[in-house]
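Quantities reported herein were computed from a predicted structural model and do not represent experimental measurements. Start at 1 and go down the list; that is how both ligands and their atoms are numbered.
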Amino acid sequence: MTVSRQTFNEVMVPNYQPAEIIPVRGEASRIWDQQGKEYIDLAGGIAVTVLGHANPIMVNALTAQAQKLWHLSNVMTNEPALKLAQAITDATFAERVFFCNSGAEANEAAFKLARRHGNTIAPHKNKIISFFNAFHGRTLFTVSVGGQAKYTQGFEPIPGGIRHLPFNDLAALEAAMSDEVCAIVLEPVQGEGGILPASKAFIEGARMLATKYNALLIFDEVQSGNGRSGHLYAYQHYSVEPDVLTTAKGLGGGIPIGAMLTTAKHAETLAFGTHGSTYGGNPLACAVAHAVFETINTPEMMANVKARAVQLREGLLDIGERYGVFEGVRGLGLLIGAPMSAAWKGKAKEIVNAGLKHGVWTLVAGPDVLRMAPALNITEAEVAEGLKRLEAACAEVTAVAKVA
Ligand SMILES: *Cc1c(COP(=O)(O)O)cnc(C)c1O
């Protein structure tokens, strides 16, 4: 049976509009499409493939576990889940872990924990504060907590008790706090919202206010976590500990897994029977994630993240200056955004498409920001080649724009 991009339109729900190419194979930070054309992968499967494609460490972990045990259910625990949870708690503020299958599920667990936390203290302590442009997933609760109205439109009635404030505005947060707030939820670096890092003062202020009002401080590190920031988790960059941290994406390096991390004390809120997931913590996903975790949580890997981030940023600034398509770069570690210049506002997608034509895969973060979230082990040569191809793409689109 042969399939093509046209097949997508015939058999898939149209909630996505995938690119014209269909990749069939990958190795490290390169992928190849059905026609054998090669691409440098600066997208990393949207901050997921932290060790690149077909990494032997992951292939070995997967195949070894596949020959032993795939699934048990949560009626029984299993060694890979316990080893992964041990590694995570050893390396972070967290003392307890809940496993699930995605970022949205990790946040769903966090928000449910927050509601129960509030409800055990006072009847009206159920308000969740989050921020405009935040993204927390696509379940009904998580899109509602997220700060982009377009994702809830048409899905009403949506869950209540959620208030949105401007990001990085500590005065607004302070004014909105009360004893009715059960949680403050934020991304240390807003990802989908445009690669906007929180300011240190904002994160520190949020920590102080959460403590003062006995609300949980929840960091959504689905995108910023797992080494991407140059630290294992971005909270370590800010030196501010949350009460709850959610992650997914890079945690599995490509196998679906999510996790909610918390303290021993707050973990008690999700007592026996209060929450669950059939696949959450299954041996197959946890064995792969454990291999990924051990590989990324090293000084060498974090040094590479920082070095490649400098290389990418410099390259992007240079391209931006020469072709005028974007101005400046922002982000943290290998989560990088290049905001489009005034002349190219709303056209980030055009650069992505031109990039694919020239053999480099990048992303957008909204219509105005070109985003990159490559593998943490991407090499200097791969970054250089990716930048070269991106430059060729920018040269082409700007030349075409001049003629038109
Ligand atoms: C991607 C993302 C999510 C949702 O993760 P899924 O695995 O798609 O459910 C949640 N929060 C942030 C910050 C994300 O970037």
Side-chain angles (χ1 to χ4, degrees), residues 13 15-16 18 43-50 98-114 128-148 150-152 155 162 164 167-168 183-198 203 206 217-229 233-235 237-238 242 244-261 277 279-282 285 288-289 292 330-337 363-366 369 371-374 376:
V13 170
N15 62 316
Y16 302 118
I46 315 193
V48 168
T49 49
V50 283
F98 168 78
F99 288 122
C100 49
N101 312 288
S102 68
E105 281 182 44
N107 284 326
E108 190 81 20
F111 303 160
K112 284 179 73 180
L113 189 158
I128 294 174
I129 291 190
S130 83
F131 300 93
F132 292 118
N133 290 318
F135 183 79
H136 299 300
R138 296 293 203 119
T139 64
L140 195 54
F141 198 178
T142 56
V143 280
S144 305
V145 175
Q148 301 193 48
K150 64 177 184 200
Y151 292 140
T152 51
F155 296 107
I162 299 159
H164 297 98
F167 190 58
N168 273 338
I184 303 170
V185 185
L186 64 91
E187 295 160 88
V189 182
Q190 283 195 338
E192 301 306 304
I195 317 296
L196 282 166
I203 292 248
L217 181 63
I218 303 174
F219 285 174
D220 178 345
E221 293 223 32
V222 172
Q223 191 157 167
S224 64
N226 311 296
R228 183 149 301 282
S229 69
Y233 290 99
Y235 83 85
H237 164 80
Y238 289 95
V244 177
L245 184 152
T246 56
T247 194
K249 291 203 167 101
L251 181 63
I255 201 156
I257 183 170
M260 181 192 71
L261 284 49
S277 160
Y279 288 119
N282 79 85
V288 176
V292 171
R330 62 194 186 205
L332 200 58
L334 282 175
L335 184 53
I336 297 177
L363 299 164
V364 299
V369 179
R371 166 171 45 164
M372 267 142 266
L376 309 186

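- For ligand 1, the atoms sitting less than 4.0 Å from at least one non-hydrogen atom of S102 are 7 (O), 9 (O), numbered in the order shown with element in parentheses.
- L245 places a side-chain heavy atom less than 4.5 Å from the side chain of Y235.
- For the pair R228 (side chain) and Y233 (backbone), a donor-acceptor distance under 3.5 Å is absent.
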Subject >> Evaluation steps, salt bridge (charged side-chain N to carboxylate O under 4.0 Å, His left out), between E192 and R371 >> reply: CA-CA 9 Å; E192 301 306 304; R371 166 171 45 164; 2.8 Å; yes

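- Under 4.0 angstrom from ligand 1, there are no non-hydrogen atoms of A248.
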Subject >> Audit row: V145, N107, side chain to side chain contact (heavy atoms under 4.5 Å, CB included) steps and yes/no >> reply: CA-CA 10 Å; V145 175; N107 284 326; over 6 Å; no

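- When side chains are defined from C-beta on, V143 does not count as touching F135, because their heavy atoms never get closer than 4.5 Å.
- Some N or O of Q223 is nearer than 3.5 Å to an N or O of ligand 1, by distance alone.
- In this structure, F111 has its ring center closer than 6.0 angstrom to the ring center of F141.
- For the pair T246 (side chain) and M260 (backbone), a donor-acceptor distance under 3.5 Å is absent.
- Protein heavy atom in closest approach to atom 11 (N) of ligand 1: D220 OD2, 2.7 Å.
- Looking at ligand 1, you won't find any N or O of E105 less than 3.5 Å from one of its N or O atoms.
- With respect to atom 1 (C) of ligand 1, the closest heavy atom belonging to the protein is K249 NZ, 1.5 Å.
- Residue G137 has at least one heavy-atom neighbour below 4.0 Å for each of these atoms of ligand 1: 4 (C), 10 (C).
- No more than 12 heavy atoms of other residues, nucleotides or ligands lie within 6.0 Å of OH in Y279, so this atom counts as exposed by the packing criterion.
- When heavy-atom distances to ligand 1 are checked against a 4.0 Å cut-off, E187 comes that close only through its side chain, counted from C-beta outward.
- Between the side chain of H164 and the backbone N or O of G146 there is at least one donor-acceptor pair closer than 3.5 Å.
- If you number the atoms of ligand 1 from 1 as listed, the ones under 4.0 Å from a heavy atom of N107 come out as 10 (C), 11 (N).
- Of the N or O atoms in F135, one or more lie within a sub-3.5 Å distance of an N or O in ligand 1.
- Of all atoms in ligand 1, numbered sequentially from 1 with element shown, those under 4.0 Å from a heavy atom of A104 are 4 (C), 5 (O), 6 (P), 9 (O).
- Looking at R138 against ligand 1, nothing comes within 4.0 Å, counting heavy atoms.
- Of the protein's heavy atoms, at least one falls inside 4.0 Å of atom 9 (O) of ligand 1.
- Between E105 and S277 there is a side-chain heavy-atom pair separated by less than 4.5 Å.
- Close contacts of ligand 1 with H136, meaning ligand atoms under 4.0 Å from a residue heavy atom, involve 10 (C), 11 (N).
- Shortest contact from atom 7 (O) of ligand 1 to any protein heavy atom: G103 N, 2.8 Å.
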